[in-house]
Engineer: 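Let me give you the structure first, and then I'll get to my questions.
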Amino acid sequence: MVMSMIVLSSTARSVLVRRTGGLGHYWVRQALPALSLTQTNYMSTRVQKTTTTTAAPPQKTTKPQRIQYFKVYRWDPEAPNQQPYLSTYPVDLNDCGPMVLDALIKIKNEQDPTLTFRRSCREGICGSCAMNINGSNTLACVCYIEGKMDKDSSTSSAQSSAKVATTKIYPLPHMYVVKDLVPDMSNFYEQYKSIEPWLQPSKPKEPQQGEYLQSRQDRAKLDGMYECILCACCSTACPSYWWNANTYLGPAVLMQAYRWIQDSRDGSTANRLAQIDDPLKLYRCHTIMNCTKVCPKHLNPGKAIASIKKQLAAH
């Protein structure tokens, strides 16, 4: 077996060859044939290129724009003689979050700082960003921009680029507008205040008494009602509330009233039932069920209202 080690350089004229024989392993120097100046320069250039060449950085590919237009309701009470109108804003969905609220924030930051709307938690908890999007009341922070057709992977890029989608955004319907997408919630909160939404125990706490306790079964009766975030999506989707907002309490407030009626720790059940036993406060509900359809928390106000009616009928 013969092993050789060659040092490639422009000045190398010999190599060391390792041999194996009777004397064991030993090295023998062998002369190389003389190289011409052209061959020497070529070898030197090849070695230099081998040691200095680095991988080329990957080229950055740009995605085609996915433009979606947002038609937003605008009205400024401080502008003289101005009527409500729609402003259209193009948004590239490749550079925007997935929710409608992301698009509104992007429009306000980059295109129109005068656009006004409410928002806070961005997680469907506070209820601030309630508005009417494409004809349905919902929360902008939990409403996806793209529809099912846009998410369909079978749709070709040519078809999706040829079809430009449009999203229409209005404030909650049948409410006074403060500005743009901001509705006046004063009447809604006054109605909520009227049902006295706090615990009213039958007797005061004794000394050293802790919190008011209830069984797990009684606690389970509150499920589906205590999760309400008072966004008013259900009330403003109810036709009865549209025409009788000053007298009819609406789905959200009535469901909260039933939440306290069902609370085993509360001692004012009879008073609460008597307070809402009114042809206008309660019985303007005609079980249209728009409230249940649009609730962003997937609650059922219509069922709660029907339970109140049944409980009143039983008494």
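What you see is a predicted model; the values in this text were computed from it and never measured.
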Engineer: What side-chain hydrogen bond (donor to acceptor under 3.5 Å, both in side chains) pairs are there with at least one residue in residues 100-110, not counting sequence neighbours?
Structural biologist: D95-K106, D102-R122, K106-E110

Engineer: Is it true that a side-chain atom of N94 and a backbone atom of P64 form a donor plus acceptor pair closer than 3.5 Å?
Structural biologist: yes

Engineer: Can any side-chain N or O of T116 pair as donor or acceptor with the backbone N or O of T114 at less than 3.5 Å?
Structural biologist: yes

Engineer: Could you tell me which non-hydrogen atom of Y212 sits nearest to which non-hydrogen atom of P204, and how far apart they are?
Structural biologist: OH-C, 4.1 Å

Engineer: Just by modelled atom types, is the D218 backbone N or O under 3.5 Å from a matching donor or acceptor in the S215 side chain?
Structural biologist: yes

Engineer: Distance from L254 atom CG to L249 atom CG, nearest 0.5 Å?
Structural biologist: 5.0 Å

Engineer: Using atom types as modelled and distance alone, determine if a side-chain donor or acceptor of K205 lies under 3.5 Å from a backbone N or O of G210.
Structural biologist: yes

Engineer: Is there a side-chain contact (heavy atoms from CB on, under 4.5 Å) between L115 and D180? Walk through the geometry before answering.
Structural biologist: CA-CA 7 Å; L115 179 62; D180 293 345; 4.3 Å; yes

Engineer: Has Q82 got a side-chain atom pairing as donor or acceptor with D76's backbone, closer than 3.5 angstrom?
Structural biologist: yes

Engineer: For Y248 versus I305, what's the shortest heavy-atom pair and its separation?
Structural biologist: OH-CD1, 3.9 Å

Engineer: Quick one: does Q111's side chain have a donor or acceptor within less than 3.5 Å of a partner on P90's backbone?
Structural biologist: yes

Engineer: How many angstroms lie between SG in C228 and OH in Y192, if you round to the nearest 0.5 Å?
Structural biologist: 7.5 Å

Engineer: With distance as the sole test, does Q256 use its side chain to make a donor-acceptor pair with the main-chain N or O of M225 at under 3.5 Å?
Structural biologist: yes

Engineer: Which pair of heavy atoms, one from P173 and one from N137, lies closest together, and at what distance?
Structural biologist: CD-OD1, 3.3 Å

Engineer: Which value, rounded to the nearest 0.5 Å, describes the distance between Y189 atom OH and S194 atom OG?
Structural biologist: 14.5 Å

Engineer: Just how far is it from atom OH of Y170 to atom OG of S136, taken to the nearest 0.5 Å?
Structural biologist: 14.5 Å

Engineer: With a 4.5 Å limit on heavy-atom distance, are the side chains of I261 and L273 in contact?
Structural biologist: yes

Engineer: Within this structure, what is the SG-CE distance for the pair C238 and M289, rounded to the nearest 0.5 Å?
Structural biologist: 11.0 Å

Engineer: Give the C-alpha distance, both sets of side-chain angles, the deciding distance and a yes or no for side-chain contact (heavy atoms from CB on, under 4.5 Å) between Y258 and S307.
Structural biologist: CA-CA 8 Å; Y258 187 61; S307 298; 3.4 Å; yes

Engineer: Honestly, is R219 close enough over Y226, meaning NZ or CZ under 6.0 Å from the six-membered ring centre and within 45° of the axis?
Structural biologist: yes

Engineer: If every non-hydrogen atom of Q191 is compared with every non-hydrogen atom of A245, which pair is closest and at what distance?
Structural biologist: NE2-O, 2.6 Å

Engineer: Quick one: side-chain hydrogen bond (donor to acceptor under 3.5 Å, both in side chains) pairs with a partner in residues 84-93, sequence neighbours left out?
Structural biologist: R74-Y89, Y89-D112

Engineer: Go through the steps to decide whether Q311 and T269 satisfy the test side-chain contact (heavy atoms from CB on, under 4.5 Å), and finish with yes or no.
Structural biologist: CA-CA 11 Å; Q311 195 159 342; T269 302; 4.3 Å; yes

Engineer: Using the test salt bridge (Lys or Arg N to Asp or Glu O under 4.0 Å), find all partners of E227 that sit at least two apart in sequence or belong to another chain.
Structural biologist: none

Engineer: Determine whether M255 and K303 make a side-chain contact, defined as any pair of heavy atoms from C-beta on separated by less than 4.5 Å.
Structural biologist: no

Engineer: Heavy-atom count around E211 CD within 6.0 Å, excluding the residue itself: above 12?
Structural biologist: no

Engineer: Which pairs pass side-chain hydrogen bond (donor to acceptor under 3.5 Å, both in side chains) with one or both residues in residues 280-296, sequence neighbours excluded?
Structural biologist: T292-N300

Engineer: Under 6.0 Å from the NZ atom of K309, do we count more than 12 heavy atoms belonging to anything else shown?
Structural biologist: yes

Engineer: Heavy-atom distance under 4.5 Å between the side chains of S264 and Q214, does that happen here?
Structural biologist: yes

Engineer: Check the orientation of W243 and H174. Use parallel for under 30°, tilted for 30 to 60°, and perpendicular for over 60°.
Structural biologist: perpendicular

Engineer: Side-chain contact, heavy-atom cut-off 4.5 Å: I308 with L282?
Structural biologist: yes

Engineer: With distance as the sole test, does E190 use its side chain to make a donor-acceptor pair with the main-chain N or O of N187 at under 3.5 Å?
Structural biologist: no

Engineer: Would you say OH of Y176 has more than 12 non-hydrogen atoms from neighbouring residues, nucleotides or ligands within 6.0 angstrom?
Structural biologist: no

Engineer: Where the side chain of R272 meets the backbone of I195, is there a donor-acceptor pair that is under 3.5 Å apart?
Structural biologist: yes

Engineer: Among V100, L139, I145, which residue meets the side-chain contact (heavy atoms from CB on, under 4.5 Å) test with I133?
Structural biologist: V100

Engineer: Looking at every non-hydrogen atom in both residues, tell me the closest pair between P296 and C231 and how far apart they are.
Structural biologist: CG-SG, 3.9 Å

Engineer: If you define the side chain from C-beta out and look only at heavy atoms, does anything of F117 sit under 4.5 Å from V72?
Structural biologist: no

Engineer: Going by side chain to side chain donor-acceptor pair (under 3.5 Å), name the residues that satisfy it together with T167, two or more places apart in sequence or in a different chain.
Structural biologist: Q68

Engineer: For the pair I169 and K71, evaluate side-chain contact (heavy atoms from CB on, under 4.5 Å) and give the outcome as yes or no after the intermediate values.
Structural biologist: CA-CA 6 Å; I169 306 175; K71 292 186 175 181; over 6 Å; no

Engineer: Supply the atom-to-atom distance E123 CD to I125 CD1, rounded to the nearest 0.5 angstrom.
Structural biologist: 5.0 Å

Engineer: Locate the shortest heavy-atom distance separating W75 from V177; write the atom from each residue and the value.
Structural biologist: CZ3-O, 3.3 Å

Engineer: Any side-chain to backbone donor/acceptor pair from R118 onto P183? Under 3.5 Å, distance only.
Structural biologist: yes

Engineer: Through direct or indirect side-chain contacts below 4.5 angstrom among Ile, Leu, Val, Met, Phe, Trp and Tyr, which residues connect to V178?
Structural biologist: V182

